[in-house]
Asker: 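Okay, here's the structure, questions in a sec.
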Amino acid sequence: MIPMVDLKAQYADLRPEIDQALAEVLDSAQFILGPNVKAFEQEAARYLGVDHAVACASGTDALHLALAATGIGPGDEVITTPFTFIATAEAICYVGATPVFVDIDPRSFNLDLERVAAAITERTRAVMPVHLFGQAVDMPALRKLADNHGLLLIEDCAQSWGATRDGGQTGSFGAAGCYSFFPSKNLGCYGDGGLVATGSPTIAEELKVLRNHGSRERYHHHVIGYNSRLDEMQAVILRAKLRRIDRYNDGRRRAARAYNDALKDVPGITTPWEDPAGQHVYHQYTLLSDCRDAIVKALQAEQIGCAVYYPIPLHQQEVFRKRHGHLSLPVTEDVSRRCLSLPMFPELGDDQIARIVEVIRKAAE
Ligand SMILES: *Cc1c(COP(=O)(O)O)cnc(C)c1O
């Protein structure tokens, strides 16, 4: 059996450090927004090269709070990708704004910037790019476009901790960069967690108020806020993993190179495109194949994990079909029929990769 992600292998390695830190949290009896959350926020900001990082309860909340903190709301349009997890568009709906879906680039699977430009109207307030599968969007180009039209950039970095573009970290280009620490993300905790990175002290302050019931001072509430905080147990886990994240991402990149090598002479497989201007961190290793469904069956029969991210683009989801179902986004629709993500985690071994590729080779023949 080869799983999609192997969190057990990672925990085995971290166990002494994490168990000790968790015991200290339990002894301290300080569980919410304590010293470890504060330290993690500082360490995260330093890593990302931003002035402020505000932790919250999930990646979905990070997106929601970032939109709320930047004042996006009813009547506003936010341009985003239909080829992502539903949370990207949900957050836009939470603040009463309208998601506008545009087609993706067939190589990177990220937003097609020409389509973004064509979709701008007088109601557009923001663009929400997703650095899908751990590969950064061309942020300098998107930023130029956004600046020319006075638009905010709210980055969905849920899959891209450590990914860079022209040397800059994802999440450091826009008004806000939103991270998820869901356990299977490349930087993940052991529950739910999230974080917003921002260069703006005003946005950071607003985020801190919003995540804690709209209060700056205890029991004084000047806006309607939320309960969206990171807890100390998740913070100590994240601090331990943040110290190792570059090693983890290097392990993913090594595994991706091994897949590329092993798959290069398998007919009918398009291996992931890697943009030379950035550093891909392979949150997922996602290939394209016309016989995707046969490969899925073959892998399942051998108890090898695999997954289709994402089988139904957002404009075709039941919840959005009424409003967006008329859209034709051919690249997204084609990619969603042919994409397949293979097991990916830093500890994935060359022998495991060889086995996976053997099964794919037979199924693809
Ligand atoms: C996981 C994910 C989210 C949501 O993060 P949660 O922490 O699960 O709320 C948002 N966007 C993308 C692209 C994701 O992959």
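The structure displayed is predicted, hence computed values, not measured ones. In listed order, ligands and their atoms are each counted from 1. FYI, side chains are in, hydrogens and waters are out, and symmetry mates aren't considered; it's all heavy atoms of this structure.
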Asker: May I ask you to test the F101-L327 pair for a side-chain heavy-atom distance under 4.5 Å?
Answerer: yes
Asker: Return a table of N or O atom pairs, ligand 1 on one side and protein on the other, at distances under 3.5 Å, rounded to 0.1 Å.
Answerer:
{"residue": "ligand 1", "atom": "5 (O)", "partner": "S180", "partner atom": "OG", "Å": "3.2"}
{"residue": "ligand 1", "atom": "7 (O)", "partner": "G59", "partner atom": "N", "Å": "2.8"}
{"residue": "ligand 1", "atom": "7 (O)", "partner": "S180", "partner atom": "OG", "Å": "2.6"}
{"residue": "ligand 1", "atom": "9 (O)", "partner": "G59", "partner atom": "N", "Å": "3.4"}
{"residue": "ligand 1", "atom": "9 (O)", "partner": "T60", "partner atom": "N", "Å": "2.8"}
{"residue": "ligand 1", "atom": "9 (O)", "partner": "T60", "partner atom": "OG1", "Å": "2.5"}
{"residue": "ligand 1", "atom": "11 (N)", "partner": "D156", "partner atom": "OD1", "Å": "3.3"}
{"residue": "ligand 1", "atom": "11 (N)", "partner": "D156", "partner atom": "OD2", "Å": "2.8"}
{"residue": "ligand 1", "atom": "15 (O)", "partner": "Q159", "partner atom": "NE2", "Å": "2.9"}
{"residue": "ligand 1", "atom": "15 (O)", "partner": "K185", "partner atom": "NZ", "Å": "2.7"}

Asker: Between R355 and E358, does any side-chain N to carboxylate O distance fall below 4.0 Å?
Answerer: no
Asker: Is the distance between the ring centroids of F133 and H283 under 6.0 Å?
Answerer: no
Asker: Under a 4.5 Å cut-off applied to non-hydrogen side-chain atoms, are N249 and N186 in contact?
Answerer: yes
Asker: Considering only Ile, Leu, Val, Met, Phe, Trp and Tyr, and joining two whenever side-chain heavy atoms are under 4.5 Å apart, list the other residues clustered with I356.
Answerer: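 I356 shares its hydrophobic cluster with I2, Y259, L263, V266, I269, Y282, Y285, L287, I295, V296, L299, I304, V308, L340, L342, M344, F345, L348, I353, V357, V359, I360.
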Asker: Given E41, which of K208, R239, R211 fulfils the salt bridge (Lys or Arg N to Asp or Glu O under 4.0 Å) condition?
Answerer: R211
